[in-house]
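Each chain gets a letter, A, B and so on, in the order the sequences are listed, and its residues count up from 1.
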Amino acid sequence: MQDFFQLPVFGVFISIVAFAGARELRKKYNYILLNPVLVAIVSIISFLLIFNIAFEDYNRGGKFISFFLGPSVVALGVFFYEKYEEVKQNLKVFLLSVAAGGVTGILMVIIFLLLFKVPDFIIESLAAKSVTTPIAIEITKLTGGIPEITAGIVIAVGIFGNAFGPFILKKLGIKSKVAIGTALGTAAHGIGTARAFEESKLAGVYSGLAMCVNGIITALITPYLLQLFFGLFS
Amino acid sequence: MLKALAYIFGFLLLGELITYFFELPIAGNILGMFLIFLALRLKIVNLEDVKPASDKLIKYLVLFFIPYGVGLMVYFKIIADYWLPISIAVIASTIITLYVSAIIIEKFGK
């Protein structure tokens with residue numbers, strides 16, 4: 001039976017079925033923790049544990065699915081071009097906001113983790129935790145962290161932003177929907193963007209663009225920031 | 001659709017090629033994203049020629065990272081050992097990021 005689970009088609013099939021099922025579940029019950037990605041991942045992990053299937057066996061098929069992350073990142077460039085016109089009149093403030101938020105986020109997570117004295121590979125895996133999963137994974141591969149840890153935390157950050165982002169921002173006195181959208185895209189990538197679209201269409205567009213811009217900024221500076229801090233503290 | 005896919009994969013390949021030859025510290029797909037944006041802005045590529053493929057890829061983006069999420073199962077123990085510092089660092093820095101981004105637009109945006 002273990003041989004059977006090593007067939008790539010097993011990993012491909014269970015990924016698609018789990019995701020499709022999780023999306024149906026979300027349509028029926030609109031509850032934040034029923035996030036389709038979270039539900040799909042938890043159900044696949046449970047299945048693998050129950051039937052004692054190694055992750056490596058699952059991933060023989062899984063990697064055919066994750067292969068498409070590469071072209072999807074390129075597709076984000078097309079999305080950015082399409083929506084670019086809508087933020088043009090606010091462009092300078094928008095870029096400043098995303099850059100300031102993005103850089104502060106990377107600095108803060110590195111500083112906190114250094115203070116708590118967690119091992120370096122965890123810091124390397126979490127530095128890019130605010131950006132969209134495919135980009136965060138690529139950054140982690142370059143910095144020497146573990147991409148799977150990155151993926152898990154990035155998804156958790158997205159769900160946190162989706163669930164609590166607008167509430168926290170409103171408590172802190174933010175009123176502008178565009179501000180909430182930009183903040184969600186900068187801090188909580190695509191999953192946060194889904195929430196921004198619930199606030200308003202324009203907030204969603206700003207959020208999607210913030211996600212792309214912060215992806216690029218974070219990809220460019222994270223390796224250097226990590227080098228700088230590890231240099232200072234070792 | 002085929003033409004659109006060829007463009008997307010073409011730009012991905014171009015990004016990978018450039019990072020490979022110049023040994024840039026940036027992933028090929030991120031460079032590809034930047035290059036396709038540039039090509040669209042400079043009208044080297046038409047939006048209609050790439051949109052069919054890019055729309056589909058973005059629609060299913062979340063499906064594509066599920067295998068990485070599942071991979072987290074291999075690292076359960078590490079995460080469990082450091083769950084408190086990780087949670088504090090991640091939540092605090094996320095809230096700070098949210099606020100810094102939002103307040104700048106709130107104060108200076110139109």
On a heavy-atom basis, which atom in A:Val78 and which in B:Ile8 lie closest, and how many Å separate them? CG2-CD1, 4.4 Å
Value rounded to 0.5 Å, distance of CZ in B:Phe37 from CZ in A:Phe79: 12.5 Å
Identify which of B:Ala27, B:Ala102, B:Ala39 forms the greatest number of heavy-atom pairs closer than 4.5 Å to chain A. B:Ala102
What pair of heavy atoms forms the shortest contact from A:Ile41 to B:Val70, and how long is it? CG2-N, 3.9 Å
Using non-hydrogen atoms and a 4.5 Å limit, figure out which bit of A:Lys141 sits close to chain B: side chain, backbone, both or neither. side chain
Under 3.5 Å, is there a donor-acceptor pair between the side chain of A:Glu148 and the main chain of B:Gly69? no
Looking at every heavy atom in both A:Ala151 and B:Tyr68, which two are closest together, and how far apart are they? CB-CB, 3.5 Å
Contacting moiety of A:Ile149, where chain B heavy atoms sit under 4.5 Å: both
Minimum side-chain heavy-atom gap B:Asp55-A:Glu82 below 4.5 Å: yes
Any idea which of B:Leu47, B:Ile30, B:Asn29, B:Ile79 has the most non-hydrogen atom pairs under 4.5 angstrom with chain A? B:Asn29
So what's closer than 4.5 Å to chain B heavy atoms on A:Ile137: side chain, backbone, both or neither? side chain
Atom pairs and distances, side-chain donor-acceptor, residues 94-115 of chain A, under 3.5 Å, sequence neighbours left out:
| unit_1 | atom_1 | unit_2 | atom_2 | d |
| --- | --- | --- | --- | --- |
| A:Ser97 | OG | B:Ser101 | O | 2.9 |
| A:Thr104 | OG1 | A:Ala100 | O | 2.3 |

Chain B contact via A:Phe164 - side chain, backbone, both or neither, heavy atoms under 4.5 Å: neither
Proximal to chain B - members of residues 65-75 of chain A, heavy-atom separation under 4.5 Å: A:Ile65, A:Ser66, A:Phe67, A:Phe68, A:Leu69, A:Gly70, A:Pro71, A:Ser72, A:Val73, A:Val74, A:Ala75
Could you list the residues that satisfy salt bridge (Lys or Arg N to Asp or Glu O under 4.0 Å) with B:Lys77, not counting sequence neighbours? B:Asp81
At a heavy-atom separation under 4.5 Å, does A:Ile123 approach chain B through its side chain, its backbone, both, or neither? neither
Applying salt bridge (Lys or Arg N to Asp or Glu O under 4.0 Å), name anything that partners A:Asp120, two or more places apart in sequence or on another chain. none
Can you tell me which portion of A:Leu172 sits under 4.5 Å from chain B's heavy atoms? Options are side chain, backbone, both or neither. both
Note: B:Arg41-A:Glu85 ion pair, threshold 4.0 Å (strictly below): yes
